[in-house]
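The next block holds one structure in the form of structure tokens; read it before the comments.
Note: hydrogens, waters and symmetry copies are ignored here, and every other heavy atom, side chains too, is used.
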Amino acid sequence: MREFQDDTGRVWVAGVRERPGTNYKGRFGFVAHPKDLGPTAEVSLEDVRWNRVETARRTLETMSEVELVRRLRSA
């Protein structure tokens, strides 16, 4: 998980959520939630998916804050 700020200054937590099922292609997806509200306010970005959790975590760790905010806006 990784924290970042949006354009309004709100702190978000980006993470990875596993989609249940037998289809392993794109099984792990990008999710984010406001830090002050917790996972109950989670948003999912359906277009950002990975096949392995390790790849997803590595990608999130190396993503710039600008890219994280851009992805959040697209949600």
Side-chain angles (χ1 to χ4, degrees):
M1 295 203 299
R2 176 157 171 218
E3 292 184 6
F4 65 99
Q5 274 189 347
D6 68 9
D7 297 335
T8 66
R10 180 175 233 173
V11 177
W12 288 77
V13 179
V16 178
R17 178 84 55 227
E18 184 175 1
R19 183 174 54 187
T22 57
N23 184 358
Y24 291 93
K25 188 161 179 91
R27 185 174 199 165
F28 299 94
F30 180 97
V31 293
H33 64 82
K35 184 176 182 179
D36 58 336
L37 296 179
T40 57
E42 188 173 88
V43 293
S44 176
L45 284 82
E46 296 297 323
D47 63 327
V48 182
R49 296 219 163 269
W50 300 277
N51 294 339
R52 298 183 54 200
V53 70
E54 296 85 2
T55 305
R57 288 186 179 141
R58 184 180 63 241
T59 302
L60 285 178
E61 288 172 7
T62 60
M63 228 181 237
S64 72
E65 281 208 22
V66 172
E67 179 67 12
L68 288 167
V69 171
R70 187 179 75 76
R71 296 288 184 170
L72 180 62
R73 269 189 255 143
S74 73

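At a threshold of 4.0 Å, the pair Glu67-Arg70 counts as salt-bridged, since one of the basic side-chain nitrogens sits closer than that to a carboxylate oxygen.
A pairwise comparison of heavy atoms in Arg10 and Leu37 identifies NH2-CD1, 3.7 Å as the closest pair. Of all the heavy atoms in Leu72 and Leu45, the pair that sits closest is N-CD2, 4.2 Å. In terms of heavy-atom proximity, Trp50 sits nearest to Gly29 at CZ3-C, 3.9 Å.
Not one N or O on the side chain of Arg73 forms a donor-acceptor pair closer than 3.5 Å with the backbone of Asp7. Looking at Arg2, its side chain does come within 3.5 Å of a backbone N or O of Leu60 through a donor-acceptor pair.
Placement of Val48 and Val13 in two distinct hydrophobic clusters is found when ILVMFWY residues are connected by side-chain heavy-atom separations under 4.5 Å, directly or transitively.
Side-chain contact between Thr55 and Arg58 is present, with at least one heavy-atom pair separated by less than 4.5 Å. Looking only at side-chain heavy atoms (C-beta outward), Phe30 and Leu68 come within less than 4.5 Å of each other. In this structure, Val43 and Trp12 have side chains that are in contact, with non-hydrogen atoms separated by less than 4.5 Å.
Between the side chains of Ser44 and Glu46, at least one donor N or O sits under 3.5 Å from an acceptor N or O.
We find the CE-CZ distance between Met1 and Arg57 to be 9.5 Å, quoted to the nearest 0.5 Å. Atom CZ of Arg19 is separated from atom CZ of Arg49 by 4.0 Å, given to the nearest 0.5 angstrom.
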